[in-house]
Each structure stands twice: as structure tokens, then as C-alpha cells.
2 protein chains.
Amino acid sequence: MENVEREILLSFWKVHILHHAKKKPVIGQWVIRELRRHGYEVSPGTLYPLLARMAGRGWLRCRVDPEGGLRARKEYSLTKKGREVLSFLRDQVEELHREVVLGEEEEPES
Amino acid sequence: MENVEREILLSFWKVHILHHAKKKPVIGQWVIRELRRHGYEVSPGTLYPLLARMAGRGWLRCRVDPEGGLRARKEYSLTKKGREVLSFLRDQVEELHREVVLGEEEEPES
DNA sequence: TGGCCGTATACGGTTGTCGTAATGGGAGGC
DNA sequence: GCCTCCCATTACGACAACCGTATACGGCCA
């Protein structure tokens, strides 16, 4: 696939990020490497604002070594609110999977 | 859930749209109604540019009654290229589902 | 001290999203 | 014929997200 449905894929990766942040703290560079390992390039200019936004919304908590100065690595872990969001998204993924992958229909409304 | 993870949800709906467009032609108003039926509001200012973009990328073909003038309803159906994109996205949905819903791990690379 | 590596930031341009308001055409009433 | 209502799309201006590339900081090691 080309480069253009990143518009869609990026959202999938966001869910992945939340998921991983639940298991263990996540770091910008790690995400970039992980995505590259799977064949996708995400530039810092995309990823870091994304993490910052999720933190700003209260989904992730950012921990940073206060002695580390600027450019110290930042560890993002899932907050309570983030867990709620993730759980909600999980349901949505399941629904999408059920319909698009499994091919099950929903009954039309009267 | 609030209103803010539409940033993620909207991408899911895009996949839904492609999926439906494969089964039968899709119309802007229908999508808006359908989403509302599921409890989500998408405004025309979001949806129509989205459909137009997908058509511009060659994922959807737009058919319109030539006698209908401006504002005639437009039917979007999936093209060959759109089917390829959808098939690719299906795999991605499956992977996301496997990891986030089913909780299966991928083996780390050496 | 100098160079390299890992990490995050800055930034300017492009694209995507948002709500609301406006437009066009068709059908029904009368 | 004309008025009104409904269905559907378009226009638009503001805002948010995304993009790549260039830059900066700090640690480590020779």
C-alpha cells in the first residue's frame, strides 16, 4: 500500500500506543523504532505532538527525570482516564472487526 | 466517552464506509443518519470532504444523475483500488483486534 | 576535548476536521 | 403557478492535526 492511508493507520497506531502504555511505560523513540520494525515511518514531528496531546487530555501521564534537563527521555504511562478511553476503543475495535473482518451484519433499525 | 477521541473514531468510520461501499453504493446523508443512529454526530463539513477525498484517491467512484443539477445525490461505490485498500485495512484491523482485544503478543525481534 | 548516539524540540507548510449557513431541486398542497 | 418543506450537497473560515527536516541537549567513551 502506498503512503496515503496513513490518515487511517495513524489512528490504529494510537490505539496500539495506549495499549502498550498500559503494559509498560512507553517512550517516543521506542514507538518510532517499533513502527519502523513493522515497516512504517513516523517522523518525530508527528509522534511527539501526538504523545503530548494524549498527555494533555489526561490519557497518559508523563514522567521525566527532573535532573535530565531538556531532551531527557519521557516515559508515558496510562492513566485511569486513559484506561477508560482504551476500554472504550477496545469495544469499537471489536465492533469494527466483527463487521469488516468477520462480515457480520447489524440488524437495521425499524 | 466525550467528544475528543473522534480523532481516532473517525478513522474507524472511514473503514466502515469503505466496507459499506463495497456492498452497495453509499450516500452522504445515509452515512450521517447511520452514524447518528449509533449515537455519533458527523457534520456535513466533515463527511463530504472525506468522501470527495476518497474519490479523489481513486478508492470510490462517484455516480451522479447528470440531469440532477447541482446538489444531486451522489452515490459512491468501491473501485478496484478501493477494494485493495479495504483488504489491506482489513488485515490491519485484524492485527489490532488480535493484540488489543484478544491480548495476543507478537514476538519481539532479535 | 571531541565525536557520536539517543532523545526530544522547533518550526513552517500542508492537509484534515469542524460547525454553520447557504443553495438547489423535487414533491405536495391548494 | 406558487409556496413550503424536505432531502441532499456545497461553501467557507477557523482551528487542529500531521508532516519532514533541521536543531539542540546531555551522556558516554575514547
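Just so you know, these numbers come straight off a predicted model, no measurement behind them. Letters A, B, ... mirror the listed sequences (proteins, then strands); counts begin at 1.
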Value in whole Å for how far the [atom2] atom of [N] lies from [atom1] of [X]:
{"X": "A/Leu70", "N": "D/dG27", "atom1": "CG", "atom2": "C1'", "value": "15 Å"}
{"X": "A/Leu50", "N": "C/dG16", "atom1": "CG", "atom2": "C1'", "value": "15 Å"}
{"X": "B/Tyr40", "N": "C/dT17", "atom1": "OH", "atom2": "C1'", "value": "18 Å"}
{"X": "A/Leu47", "N": "C/dT9", "atom1": "CG", "atom2": "C1'", "value": "13 Å"}
{"X": "A/Glu67", "N": "D/dG27", "atom1": "CD", "atom2": "C1'", "value": "15 Å"}
{"X": "A/Arg33", "N": "C/dG6", "atom1": "CZ", "atom2": "P", "value": "8 Å"}
{"X": "A/Arg36", "N": "C/dG6", "atom1": "CZ", "atom2": "C1'", "value": "12 Å"}
{"X": "A/Arg71", "N": "C/dC4", "atom1": "CZ", "atom2": "P", "value": "20 Å"}

**Prompt:** Counting any heavy atom closer than 4.0 Å, what does B/Gly45 reach on the DNA or RNA strands: base, sugar-phosphate only, or nothing?
**Reply:**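 Base: the residue B/Gly45, judged by heavy atoms under 4.0 Å, touches a nucleobase.
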**Message:** Once you apply a heavy-atom cut-off of 4.0 Å, does B/Gly28 come out as touching a base, just sugar-phosphate, or nothing?
**Reply:**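 Since only primed, P, OP1 and OP2 atoms lie under 4.0 Å of B/Gly28, the category is sugar-phosphate.
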Ignoring the backbone of [X], work out which of [options] is nearest its side chain.
{"X": "A/Ser43", "options": "C/dT9, D/dC19, D/dT9", "value": "D/dC19"}
{"X": "A/Pro44", "options": "D/dC18, D/dT21, C/dG24", "value": "D/dT21"}
{"X": "A/Ile27", "options": "C/dT7, D/dC18, D/dA8", "value": "C/dT7"}

**Asked** Do A/Val93 and A/Phe12 have side chains that get closer than 4.5 Å, going by heavy atoms?
**Response**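 When only atoms from C-beta onward are counted, A/Phe12 and A/Val93 do not touch, as no gap falls below 4.5 Å.
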**Message:** Is there a side-chain contact between B/Leu50 and B/Leu10 in this structure, where contact means two heavy atoms from C-beta onward sitting under 4.5 Å apart?
**Reply:**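 Sidechains of B/Leu10 and B/Leu50: in contact.
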Can you tell me if the side-chain N/O atoms of [X] get under 4.0 Å from OP1 or OP2 in [N]?
{"X": "A/Arg57", "N": "D/dA16", "value": "no"}
{"X": "A/Tyr48", "N": "C/dA8", "value": "yes"}
{"X": "B/Lys14", "N": "C/dT17", "value": "yes"}
{"X": "B/Arg53", "N": "C/dT15", "value": "no"}
{"X": "B/Lys74", "N": "D/dT10", "value": "yes"}
{"X": "A/Arg6", "N": "D/dA17", "value": "no"}

**Request:** Starting from the 5' end of DNA chain D, give me the residue, A/Ala72 or A/Thr46, whose nearest nucleotide shows up first.
**Result:**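 Its nearest nucleotide lies further toward 5', so the answer is A/Thr46.
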**Distance-only polar pair, side chains of A/Glu95 and B/His16, donor-acceptor under 3.5 Å** =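 The answer is no; no qualifying pair exists.
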**Asked** Angle class for the B/Trp13/B/Tyr40 ring planes (parallel below 30°, perpendicular above 60°, tilted otherwise)?
**Response**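 Correct class here is tilted.
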**Item:** Sequence-distant partners of B/Glu75, side-chain hydrogen bond (donor to acceptor under 3.5 Å, both in side chains), two or more places apart
**Value:**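 Testing B/Glu75 for side-chain hydrogen bond (donor to acceptor under 3.5 Å, both in side chains), a comparison that skips the adjacent residues, returns B/Arg63.
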